[in-house]
Amino acid sequence: MKTLGFIGMGNMAGAIAAGILQKGLMKKEEVFAYAPHYEKLEANAEKIGFVPCKDLKGLTAVSSVQKR
């Protein structure tokens with residue numbers, strides 16, 4: 001299973017992640033993101049539908065592809 005990790009989840013990354021998920025190209029459980037403000041990241045995760053990661057080490061552990 002391929003997974004995708006975003007370092008940072010601003011407007012552009014959010015739009016990319018939302019498009020991937022809305023088109024059904026990947027499942028929610030396959031898209032991960034890390035951002036310095038975890039509370040905001042969690043809110044975006046609920047809205048968009050990805051898995052938030054608390055740190056970069058965790059993100060790289062679960063991601064086969066990272067988008068910066």
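Worth saying up front: this structure is predicted, and the values here are computed from it rather than measured. Quick note: residue numbers are just sequence positions, from 1.
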- Any side-chain heavy atom of Phe6 sitting closer than 4.5 Å to one from Leu59? no
Between atom [atom1] of [X] and atom [atom2] of [Y], what is the distance when rounded to the nearest 0.5 Å?
X: Ile16; Y: Met9; atom1: CD1; atom2: CE; value: 8.5 Å
X: Leu4; Y: Phe32; atom1: CG; atom2: CZ; value: 9.5 Å
X: Glu30; Y: Ser63; atom1: CD; atom2: OG; value: 11.5 Å
X: Leu41; Y: Glu46; atom1: CG; atom2: CD; value: 11.0 Å

- Query: Can you list the steps and then say if Val31 with Thr3 is a side chain to side chain contact (heavy atoms under 4.5 Å, CB included)?
  - Reply: CA-CA 6 Å; Val31 180; Thr3 56; over 6 Å; no
Side chains of residues 47-55: which donor-acceptor pairs under 3.5 Å do they make with residues two or more places apart or in other chains?
residue	atom	partner	partner atom	Å
Asp55	OD1	Lys57	N	3.4
Asp55	OD1	Gly58	N	2.6

- Note on the structure: Correct closest heavy-atom pair for Met26 and Lys2 would be CE-O, 3.5 Å
